[in-house]
Amino acid sequence: MNNGSYGSKKLGAVLGLLATAVGLAAAELVVGLVQGSSSPVVPVGQEFIDWTPKWLKNWAIEQFGTSDKAVLVSGALIVVLGLGVVVGILMMRGERAGAFALTGAIGVVGAWAVLIRPDPTIAKLLPTIVGTGVSIAVLWWLGPKPQVLEEDGHRVMMGVDRRQFLTGAVTVGSAAAVTGGVGRVLQQRFEVNEERANLAIPDVDNAAQAVPGDFELGVEGIESFVVPNDNFYRIDTALVVPQVRVDTWKLQISGLVDNPIELTFDDLLARPQIERHITLSCVSNPVGGDLVGNALWQGVLLKDILDEAGVQPDAEQVVSRSIDGWTCGSPLESIMDGRDAMLAIAMNGEPLPAQHGYPVRIVVPGLFGYVSATKWVTDIRLTRWDEFDAYWIPRGWSKLGPVKTMARIDTPRSGSKRTGEVAIGGVAWAVHRGVSKVQIRVDEGEWRDAEMASVPSNDTWVQWVYRLNDVEPRKHTIEARAFDGMGEPQPSEPAAVAPNGAQGYHRISLTIDG
Ligand SMILES: Nc1nc2c(c(=O)[nH]1)N[C@H]1C(S)=C(S)[C@@H](COP(=O)(O)O)O[C@H]1N2
Ligand SMILES: [Mo]
């Protein structure tokens, strides 16, 4: 071969892509074989999230909504495959040392991301190590190799034989597909789906406040009072849903307490169970948005457990931590002041879905999720405010996150055309303060009182409707607002979601046809 090239760029790209793919596939297989191991793609993605500037993160969430995770994982894969192409081209240029070093460096980045995540273990490193090793082996096998020439004993690089290379490539490619596929299938062994399906939830000691049908107005287009689990919004930083089995689950209560406690899942089941409708909202929910939902939660009162632990007088903040290291801090008084702050084990009559925190999460009525609703919770520590900043605080969000009063218009959709009487309706919430009134106005005219459904408590949203029949046939703007239980109206001035929740009136346009 001439010009220091032992194969075309195209073959180099194929080689690099194959070596990367088979490395990733081998990692998947290890994840499927070794319980407690995990793919490096996930922690690398997490690091990437942590390092992205806020504006980019917000842009991504706006662009991709809740599919931002899929986009991130695809992005990470594209970057890794791109680096793989570079590795393959280096190989074909005869720069084997450089190619191996770059592959090793990719492995080291993966290992590093695993090691700085909470609770690093050898098992977690294994897929990265095996994957990197397999990639290098494939480069070695399919790439140009140094050989000793028989005539004069010199070591020279041999170019790749095209036909031999392609045969090897097909073999490796098939092996990658099979390995990755088998790995994926094996991984299902570690999922909690089956365990969850067979888990019996204990009876509730004081059953739910009436049936949800009582809280429905029966107006089409308004979100149902209870949002089914499959439709409930999901927000978290976990790229793969943690699979936490009940027999491994433990909750530590420590910090500023007289008696640190450790609870098992059976301990929780043995305690008195309560069941409450509570509306959960994300601080990132924009005005009119759907990152909010109401569910029937079952669990045990957190206050009782903290009372047993004996909270010391200087404690102010309850820091909870999930199995994957996410943290949030809630005001101690929001747990102890008599509201139904709970360790929840069931949602709408079923064990918590894996993506909503199986087997145990926290729910605190009246606080945004980012300061209260830890999923897959394993650790609760009592501290002071100045001692610890939880996950979102250094990222520009407020330490305190009470849910803001908000009315949302669900029907009609903005931009609709209607004739005759139009039912304007939606939901409104001022979680834990209760909603005392909902109003709408047309074209910034007089506020008109809406009709409201009944509610089981102040901790849920309420359906509302106003039947509009006296406006001229043309285009109008409709706005809604809610008043909380103290008679305080929601603020009119718009505000962005950061640092402590969006505000302003939800507004739609509606055309009445004559
Ligand atoms: N472990 C963990 N718990 C978490 C989060 C997270 O990122 N990790 N996000 C919180 C946020 S910001 C919200 S709004 C709620 C959303 O709960 P859901 O996904 O069950 O609706 O979970 C909270 N609990
Ligand atoms: Mo959130």
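Atoms within each ligand, like the ligands themselves, are counted from 1 in listed order.
When heavy-atom distances to ligand 1 are checked against a 4.0 Å cut-off, Phe232 comes that close only through its side chain, counted from C-beta outward. When non-hydrogen atoms are compared, ligand 1 lies under 4.0 Å from the side chain of Trp376 (C-beta onward) but not from its backbone. The side chain of Leu280, and not its backbone, has at least one atom closer than 4.0 Å to an atom of ligand 1 (non-hydrogen atoms only; side chain from C-beta on).
Summary of contacts: the protein heavy atom closest to atom 22 (O) of ligand 1 is Arg361 NH2, 3.5 Å. Of the protein's heavy atoms, Ile235 O, 3.6 Å lies nearest to atom 16 (C) of ligand 1. In terms of protein heavy atoms, atom 2 (C) of ligand 1 is closest to Trp326 CE3, 3.3 Å. Counting protein heavy atoms only, atom 3 (N) of ligand 1 is closest to Lys375 N, 3.0 Å. At the shortest separation from atom 7 (O) of ligand 1 among protein heavy atoms lies Thr237 N, 2.9 Å. Remark: minimum distance from atom 21 (O) of ligand 1 to any protein heavy atom is reached at Tyr233 O, 2.7 Å. Given atom 24 (N) of ligand 1, the protein heavy atom at minimum distance is Ala373 O, 2.9 Å.
Those atoms of ligand 1 with a heavy atom of Ser322 less than 4.0 angstrom away are 1 (N). Close approach to Cys282 involves these atoms of ligand 1, each under 4.0 Å from a residue heavy atom: 14 (S). Below 4.0 Å from some heavy atom of Tyr370 lie the following atoms of ligand 1, by number and element: 11 (C), 12 (S).
Considering backbone and side-chain N/O atoms, His356 comes within less than 3.5 Å of an N/O atom of ligand 1.
By the 30° and 60° cut-offs, the orientation of the rings of Tyr391 relative to Trp326 is tilted.
For the pair Gln317 (side chain) and Phe388 (backbone), a donor-acceptor distance under 3.5 Å is present.
Classification of Lys399 and Asp389 as a salt-bridged pair holds, one side-chain N sitting under 4.0 Å from a carboxylate O. Under a 4.0 Å N-O distance rule, the pair Arg441/Glu479 qualifies as a salt bridge. Using a cutoff of 4.0 Å between basic side-chain nitrogens and carboxylate oxygens, Asp304 and Arg271 are not scored as salt-bridged. For the pair Glu47 and Arg117, the salt-bridge criterion is met [side-chain N within less than 4.0 Å of a carboxylate O]. A salt bridge is absent between Arg196 and Glu191: the closest approach of a Lys/Arg side-chain nitrogen to an acidic carboxylate oxygen does not fall below 4.0 angstrom.
Ser457 and Arg276 share no side-chain donor-acceptor pair at under 3.5 Å. Inspection of the Tyr358 and Glu195 side chains reveals an N or O donor paired with an N or O acceptor under 3.5 Å.
Closest to atom 13 (C) of ligand 1 by heavy atom, among Gly357, Gly325, Gly369, is Gly369.
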Begin from the C-alpha positions of Val41 and Val80 and carry the test side-chain contact (heavy atoms from CB on, under 4.5 Å) through to its verdict. CA-CA 9 Å; Val41 176; Val80 172; over 6 Å; no
